[in-house]
Amino acid sequence: MQTQTRIILFCYCFIIGLVLAMVWPLNPSALPALRIATALLMGGAALLLFQAHRAARDNAPVSGVRWLAWMLVASAVTLGYSRHISANTVPDTRVGEIVLSGSGVANYRAHSALPDTCRLRVRKESAIDSDLRIRLAGELDARIAARDENGRAQIDKRGRWQFQIAPMQLTTDVIVVRANDPVGTDYPLDQPLTRITGVEVLDGPSHGAVTLYRISNHIGSFVRPGRAQSPVTILGRISADPLVYDFKTVLPVTPEFIQYPAGGPFYRVEGGDIQVTVRPEMEGYDVFSHTSAYGYDVEFRGELTVARGAANPGGFDARRFQQNYNIYGLVSLFAPRSGPPPIHAIKPMDGPMREGNALVAFSLRLRDNVLRVIKQTMIYPQSAFVGGVTLGLRYGLQGVECMFSDRYAHAWHPADAPTMIGRNCEETIADEFKEAGVNHVLAVSGLHVTIITVMLVGIFSLMRVPRQAYVPLIILALVIFSIITGARPSTLRAVIMNSLFLMTWAYLDQSLRSSVLLGVPVAAFLILLHNPLVVVDPSFTLSFGAILSLGLMTTPSLDLLQRLKGNQFILFLAVGVGWTLLAVRQWALVVTPQFIFPAIAVLAMLFVVAGALQRKGIGFSERINYTVIPEGIGAFLAAQFAIQLGMMIPLSAGYFARWPFAGAYANLIAIPLIGVVVQLGAIGGLLGLIPGVGIYIALLLGAANWVFSSIFLWIAHASSEWFPYPVIRRPGLLALSAYYVACAWFIWNKPIWAWLVRSAERFKLKTPLWPRVAAGVAAIVLASLVVADMRAAPLRELRMTVLSVGYGSSILIESPSGRRILVDAGFVEHERGRRNEATRTVVPVLANQKIRHLDAVILTSPRPERAAGISHVLSSVWVDRLFLPPSLADLAPGESFEDFSHRFNPGAGGVEADVLATSYDELIGNPEWPMRLALAPELARRGPGFLNRWAGWTVQNETLAAGQALFEEPGPNGTFRIEVLNPTRDSIAAREVDNGALVLRVVYGNFAALLTSDLHYDGVAQLAQRYSPEQLRSQVLFLPHHGAPLGQIRGEFKPVLQNRLSDELAALLSSVRPERVIAEWGSPRPVLGLQSRDAVTAFELTQQYIVNTLGELAWLSTDRDLAITLTSDGRSYSVATQAEANRATGGEDDAVSDIAVGF
Amino acid sequence: MERGAQALVKVLGAALLFGGLVLAFHPGYRAALLAVWRGEPAASPVWDSNRAYYPMIGLPDGTSHADAN
């Protein structure tokens, strides 16, 4: 086996080890054993390698070399496995054992001395027959920060923080290890120690043992979730360039010491970074909002918290994402009302401010200077785009509206620009890029690094510098480029690979293909060895997916395309165009089985007929084929085909549950264009630094680049408008594996076929019959695996998932027979935070649960926090029936606001005018924003036309009123149905908004849940009067109006509300007798604006009332508990929350350490 | 790969010519060129349009957007 093959094998097996650790992780306590096994295996492999090398040198027979490959495989797998386990946790270390021998006698066996001031815990290791009471004696060398006359911490020139040590003798509080507690229980000590001098047993059994652990001083063991934590003081260093927004600056900080808790000793921090947010109103903000802040030593005081985990099943887990980049804590600093700011940059004693790494500092200064040139030579927002693709400044593109926004209509801007395509577009550039499938240009990756490499090679070639001389300079430039652009995994991958390629090209004269084969696994190995947690990061997998697709699938794709000749080639083109037009007209059709299977059959037939006609000489000449396309363009098209097949389709589905349909087309222009934009941006930015004439040349290049950038932005805009961006079921690991096995067949079909034929001949089977049978069976198995994995598993019980959508509502009901019903669809915020709960939460949850068809959507109220997301849900998934309250009957596009307002009677029930206006925008449409989705136009598009009926895309629109029952069906343990309890005839006649809302009771067997939507308290009281307790009895009650009904309460609402709670809500509670009460709550500010403060007060009063009446355990809310899942088999029910799930996966309460210790 | 040098020269040449056309016909770029020529880069509408984009990056003479306001 060649050395290169061994390296490739080792690197890929290392990745397999990482994946195994992700899928089947062992307890971190197995880490020492794993490390020993890895060392032994690697030692064995090294020995065999040495033997093989010596035997080859001496031309001697080799013994044991056949084991070498296995040793390499095993050592690489164990190395990858143990690296992932060790990166995912910082285990506490065992420091000693306390063995009881006879009454009152304890024998302390120290395993290791404490390395520093540490927190400790005791673990019960064996059963004991009575409670054990012990305390530890020891010494504490408490660090106290040395401070200057201004009260600031001091640091010396070499970056050593200055402390005074206060030694003290200490005896810990008594720890009681209870006999009843299970073995393995941990008991944290309240006092930290630097040395342990003895153990005193106050009372306890005669035999048994407990173990003493030192809690890791990793920063993650000091963080606490949520707000209102006691502040801590941290001494550390800014470890990367600040992320500067126009409203805040985020500082990446490596903490070195932490004072925990306030007034306590300083601990030396053993790992993990934190992000510190500072705000412009803070004194001294300018010091931190510049690149020069990189490397500064800082002291700050604030609450140390952790990012929130996923709020909904399968949702974005910010905590895990940050930990993948070694960020374990967040500190958010605000300007104090009085006194000094909470953060200071610390200047060393008798010296200037320390700077960071010289190369990094130089790179960042260069970036700022180039950015300055871009700002001088490029009009906004094109400048933000060029800054993003050339310098990796993606933060500068956040929230930047598309080029056709009215925001950019300056006097010198073409006046008709906003009307070129669509009017007054409000989408952001980043969103348009995502929808157009060109988002990858913003992640600085192989494309950019290769463009820079080619550009630099070109410049050096022009200067006639020998290849061997300039390659090291280019590699240095690529390193600087990676630092400038943030050193993301995709950039590192590209820089490592391009460097390897340049070196093999310059010094070994090797081909591109061989360097790709070696470069991909070596780059992956180096990146993952440094940080194994990025193995699932989209930046890593998409980048490697793209380069592997390019390297492995381009040639087979080209072969496939080149086989098409004459009639078949023309047919292929016609099918491509036809399929595209059909997908643009009605995307839902082209992804449905009722279209796909007949279409495949017809196409197969057409291709056979086209081939037959070709053989008879009828039709187009065989000279019309793929080779008529110029070679470069043909190869480029094949590469695009390969990337779509190998990366975009499977990985986009896996990560985002969406497929940017436009990507296949937009990239044909976007990729060549981005080469021009990046090169002109980089050259213009660098030339602009030349004093005098430089800025004029940069202005010329910038002006040209402004046109190219505008074309790029236009392509993204047009593609996002014209092409669909469909939601697809998220494939699991099984489906993805099966898909990639099929890709492997596509790539290596010839050798696999040859192997099948050889195997058939060995077993004396008929060829090619049996190899074909084997291939067919394999294809059927793979297809079955994909289909099985892509379908939701049957439930056979009732499941209600209450989504955490902030101040709003969305509930997914799954019946025992498999019906899926969505109740409400969340809020959509068009400005400020641009938070669209439908596309951000509801639709991804459906995709994550492999649901793309809903039996019904029920909209309970016209209020925007329930109704705004409905059009987005309808545009993404199949919906059979839409149920609306009677007030929303016969919605039609173009209905005037006056007519819409007349649907409601403001005097009866009361609704704020601005809320009604927002509802109108979301349900009928806003003429000022014609590109926005709204319910009425969406319903009009879902009418019974031919294509809609074929695609199953029609929606039946109905209204509901009290007395109706939906989806009544028998289940294994009782009947499932949804009862409608409101509105009654009276409230319909009164045209009430809130009291006219749909009230639903979801019933299965003995279980029931009551959804009271937006009822006010008078509506609640009427409900309690109208129905008997038996008709309302429910184990779970959803509070009306999110737990904060305000609409009818004016003035001094607190006493009024308290009365209504104790009268009207109490009446409902006594009828319903709920065991659990759910409030669908979040920050009301985006929905209620100025009224939100009152809503918060009302919510707190309601929570207090419920807790006092039903107990703490009865209260559930979607802001605290996140998504709430109710499951019932018809006899009993259970409640699970996303917050619990986050905690169970090493979540918010114990981010890193084995145990969380509080003081 | 070294053949890319020729292409680079062509692209740069074409971009300079094309940039000249844009400077001639686009009022914003024309005003920007005049502002730089007069030594008043802060008055350039191109620079001004970037007011909200990385506001802490000022002109080489130290003028920031905040100063301009």
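A note on names: the letters A, B, ... follow the listed sequences, proteins ahead of strands, and every chain is numbered from 1.
- Here the side chain of A/Gln382 pairs no donor or acceptor atom with the backbone of A/Trp706 at under 3.5 angstrom.
- Of the atoms belonging to A/Thr377, it is backbone heavy atoms, and not side-chain ones, that fall under 4.5 Å from chain B.
- A 4.5 Å side-chain heavy-atom check between A/Leu393 and B/Tyr53 finds at least one atom pair inside the cut-off.
- For chain B, the nearby parts of A/Gln376 are the backbone and the side chain; heavy atoms of each come within less than 4.5 Å.
- For A/Phe460, no part sits under 4.5 Å from any heavy atom of chain B, backbone or side chain.
- Between A/Phe708 and B/Phe18, a ring centre-to-centre spacing shorter than 6.0 Å is recorded.
- At most 12 non-hydrogen atoms from other residues, nucleotides or ligands lie less than 6.0 angstrom from CZ of B/Phe25.
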